[in-house]
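Quick note: residue numbers are just sequence positions, from 1.
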Amino acid sequence: MDEAPILSVRDLGVALAPAFGGRRLLDGISFDIAPREIVGVVGATGAGKTVLAKAVVNGLDRTLSASGTVRFRGRDILGLDPRAMRPLRRDIAYVGANPMGALDPTLPVGRQIAEKMRAVTPGVTEDAARRRVIALLEAVRIPSAARRFHDYPSQFSGGMMQRALLVDAMISDPALLVADNVTQPLDVTVAAQVIRLMRELTAQFQTAILFVSSSLPVAREAAARTLVIDAGRLVEEQPTDALVARPVHAYTRELVAQIPTIWTGVPAQPRSREAGAARRPIISLEDVSQTYRVRERGTFAGTGALRAVRNVTFDIAKGDSFAVVGESGCGKSTLMRLLSRLERPSAGRILCEGQDIARLSGGELLRFRRKLQLVLQDPFDSLPPRTAIGAMLEAPLRIHGWRDAARIRDKVRAVMNDVGLSPTLYDALPLGLSAGQRQRINVARAMVLDPEILLMDETLSALDQTEQFRLLALFDKLQSAHGLTYIFISHDLAMVRKACNRVAVMYLGEVVELADNGRLFFDPGHPYTRALLSAMPTLEERRYRPEDCLLDGEPPSPIDLPAGCAFRSRCPRAFAPCAGQSPALVTRGAGDFASCHHVPAPGAGLAQAAAMGSTGRIRRTNCGLPKGMPPPSRGASQVKGRATRGEGRR
């Protein structure tokens, strides 16, 4: 390195205190980070990444003891007490992967960040701090940032809270930022925006960043150099591109091999377990909407209508692996609550094999609960820590009327075996189990009732790529054995490409595209879908270039939706008709639909997409601009001109 490192780690070791067993968690870790450098750290769950991240900011728990040196600007900070560390906290920032418990729940988010700024930067006025916080909230794409400034942590989604914590970390312009899996809970477009923001931070303020991630493709997007950690040891360190192209260590080669391909290598397209005339809808949504009344700030009793889901219609066939994808705030989680009958829709119907689930009650509702089971995102908070695993899995059976203790125990053991849990865990507590093992418990808790439908709400997003690989193999095995129908609510398009045969894309509460897996990834009909695909972290060459497709700006507020197409303010293809008319879903072929004024005639482009799929070759595109239409400038909200033949919808 040409300049002195801002962080120098030498022979770092971390172990549990003797009273807790003395096991070593890190051993002999050494590396440097220079100013303006982003260094990635990747590895599986349990490899020691988070322990390393906390050690370099001197934030280890008291149950852990550390050895070696961690020098920040030449000063060893590893042994400093909290009082000695306090002056350094302005220059050293840490953002973790669990955002929901990080801020005071009794104070507005924006106020807390502004107070921190005023504490570390004397002389800043309250108004200046507020403006700076709102500007950064807008930079990380918090919708309606000025209004959200006054919202409490409980009013933020997990993805929005993660972005708010990044603002909290960056508000003091730190010299060193440790980002521990910060993009894991974010959708792909926001994650791309956050990585871009980190690069700007390094350029403007010479900030050095230690970027910890469970995903090698994400680390490649962010870091020029990457460290690979396995079982507490540094097993490989290379420039990131070289590490991906020529991995040396066997563990690194395994990580690279587990990453699913999107366009090259021609992965087998997932298909429904039922074929041909036998396919029938098990779930049908008919013009479903969900509207909430929310208080208007600054009024005594005024309310506004927040339209979270708007006029959604689609069928899910028995045996499908159906995905619902989109950015944070697009309505995915609201749709999940409607599908699972946690809420009733404001309008429209949701039918399960012909029954309107909003009308179910008593025994009928209990039978529906048995038919459709939910597997949630967080493998830690979703399990009671003081309940034995076997007792957790017995509870659903007892609720549904099982009384024979021996029969219950046999059923639970059989399901534990199905999902890959050791029978020795039956009487054990979940303490100390990995995220992957905990998620298997959640799957077992759903499977114990022999459901027909599993609703997966970001079930894999908290897991590293190795555990995701294993869980996807488990889901495929369970679907083959039990004829399950899966509904995945996800922002992970790489997982969707591998696991799902049909995909719905949501934007601001609407389904803007509905297509089979191959058509959506090779020939998307909506520019928003192309933007999502362009932002996907991947090790292969992208089919859609981020510089052409990636979105700028924030979505309109669902409380104040614009006239015409809701996507036009961010669309690189917007033109005059988009301002006056909201496009409806239009067929693009058998079962494929998109809501865009530029949707071509049904069947166009299928032959080309099929040819691409068979050869695996990549041909870069300009996000599907109509022939003869030049790309607009970045951030343009509208393209002037009139629709020519083939561009507009008659």
Side-chain angles (χ1 to χ4, degrees), residues 187-189 260-263 266-274 279 281-285 288 309 312-328 330-333 335-336 339 453-461 468 472 475-476 479 484-536 538 543-544 549 567 585-596 599 605-606 609-610 612-613 624:
D187 58 73
V188 290
T189 55
T261 56
I262 311 302
W263 296 288
V266 198
Q269 181 176 333
R271 298 189 180 278
S272 174
R273 297 293 173 179
E274 293 198 2
R279 297 191 72 211
I282 191 169
I283 294 284
S284 295
L285 283 78
V288 171
V309 173
V312 170
T313 298
F314 58 75
D315 291 336
I316 301 173
K318 187 174 177 62
D320 268 354
S321 292
F322 189 97
V324 180
V325 302
E327 293 176 294
S328 178
C330 73
K332 302 189 305 292
S333 294
L335 189 64
M336 177 273 294
L339 286 168
I453 307 164
L454 282 188
L455 179 52
M456 312 280 200
D457 184 20
E458 300 283 10
T459 301
L460 301 180
S461 65
Q468 287 185 5
L472 285 175
F475 292 157
D476 189 63
Q479 191 175 46
L484 294 168
T485 300
Y486 290 141
I487 306 173
F488 288 92
I489 309 293
S490 181
H491 63 256
D492 186 350
L493 287 167
M495 182 278 294
V496 168
R497 172 65 170 148
K498 183 178 177 63
C500 300
N501 65 295
R502 194 147 173 79
V503 187
V505 182
M506 290 189 71
Y507 182 78
L508 269 181
E510 291 183 305
V511 171
V512 297
E513 185 156 5
L514 180 64
D516 286 341
N517 182 304
R519 183 76 187 269
L520 185 112
F521 282 88
F522 281 91
D523 184 25
H526 199 282
Y528 176 61
T529 308
R530 295 188 187 94
L532 294 179
L533 294 175
S534 76
M536 289 175 59
T538 177
R543 180 175 171 82
Y544 303 99
C549 306
F567 184 62
L585 282 171
V586 176
T587 182
R588 304 178 65 228
D592 297 337
F593 304 87
S595 60
C596 180
V599 171
L606 280 175
M612 281 288 188

After noting the C-alpha distance and the side-chain angles of I453 and I487, does the key distance pass the side chain to side chain contact (heavy atoms under 4.5 Å, CB included) rule?
-> CA-CA 8 Å; I453 307 164; I487 306 173; 3.9 Å; yes

Hey, mind stepping through F593 and F314 against ring pair (Phe, Tyr, Trp, His ring centres under 6.0 Å) and telling me if it holds?
-> CA-CA 10 Å; F593 304 87; F314 58 75; over 10 Å; no

Check step by step if ring pair (Phe, Tyr, Trp, His ring centres under 6.0 Å) holds for F475 and Y486.
-> CA-CA 9 Å; F475 292 157; Y486 290 141; 5.8 Å; yes

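- Side-chain contact check for N501 and D516: no donor-acceptor pair (N or O, by modelled atom type) lies under 3.5 Å.
- Of all heavy-atom pairs spanning M506 and L335, the tightest one is SD-CD2, 3.8 Å.
- Atoms CD1 and OG, on I489 and S333 in that order, are 7.5 Å from each other to the nearest 0.5 Å.
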Decide side chain to side chain contact (heavy atoms under 4.5 Å, CB included) for E458 and S490; before the verdict, give the C-alpha distance in whole Å, the side-chain angles of both, and the deciding distance to 0.1 Å.
-> CA-CA 5 Å; E458 300 283 10; S490 181; 4.0 Å; yes

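- The residues R519 and D592 are annotated as salt-bridged, a charged nitrogen and a carboxylate oxygen being separated by less than 4.0 angstrom.
- Side-chain contact between L533 and W263 is present, with heavy atoms from C-beta onward closer than 4.5 Å.
- To the nearest 0.5 angstrom, S321 atom OG is 10.0 Å from L454 atom CG.
- Scanning both residues, I283 and L285, for their nearest heavy atoms gives CG2-CD1, 3.7 Å.
- The two residues D315 and S284 make their nearest non-hydrogen contact at OD1-OG, 2.9 Å.
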Stepwise side chain to side chain contact (heavy atoms under 4.5 Å, CB included) test for V288 and T313 = CA-CA 7 Å; V288 171; T313 298; over 6 Å; no

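- Side-chain N/O atoms of H491 and E327 include no donor and acceptor closer than 3.5 Å.
- Interatomic distance, CD of E513 versus SG of C596, reported as 9.0 Å (0.5 Å rounding).
- Interatomic distance, R497 CZ to D492 CG, rounded to the nearest 0.5 Å: 13.5 Å.
- Taking CZ from F488 and CE from M336, the interatomic distance works out to 14.5 Å, rounded to the nearest 0.5 Å.
- For the side chain to side chain contact (heavy atoms under 4.5 Å, CB included) with V503, the qualifying choice from V324, L514, T529, V496 is V496, the only one to do so.
- T587 places none of its side-chain heavy atoms less than 4.5 Å from the side chain of V599.
- Side chain of R543 to main chain of F522: a donor-acceptor pair is present (N/O by atom type, distance under 3.5 Å, no hydrogens or angles).
- L472 places a side-chain heavy atom less than 4.5 Å from the side chain of K498.
- Looking only at atom types and distance, the side chain of N517 has no donor-acceptor partner in the side chain of R502 under 3.5 Å away.
- Using a 4.0 Å cut-off between charged nitrogen and carboxylate oxygen, D523 and R588 count as a salt-bridge pair.
- When all heavy atoms of V309 and G331 are compared, the pair lying nearest together is CG2-O, 3.9 Å.
- Aromatic ring orientation, Y528 versus F567: perpendicular (interplanar angle above 60°, classes split at 30° and 60°).
- Taking CZ of F322 as the reference point, atom OG1 of T485 lies at 11.5 Å (rounded to 0.5 Å).
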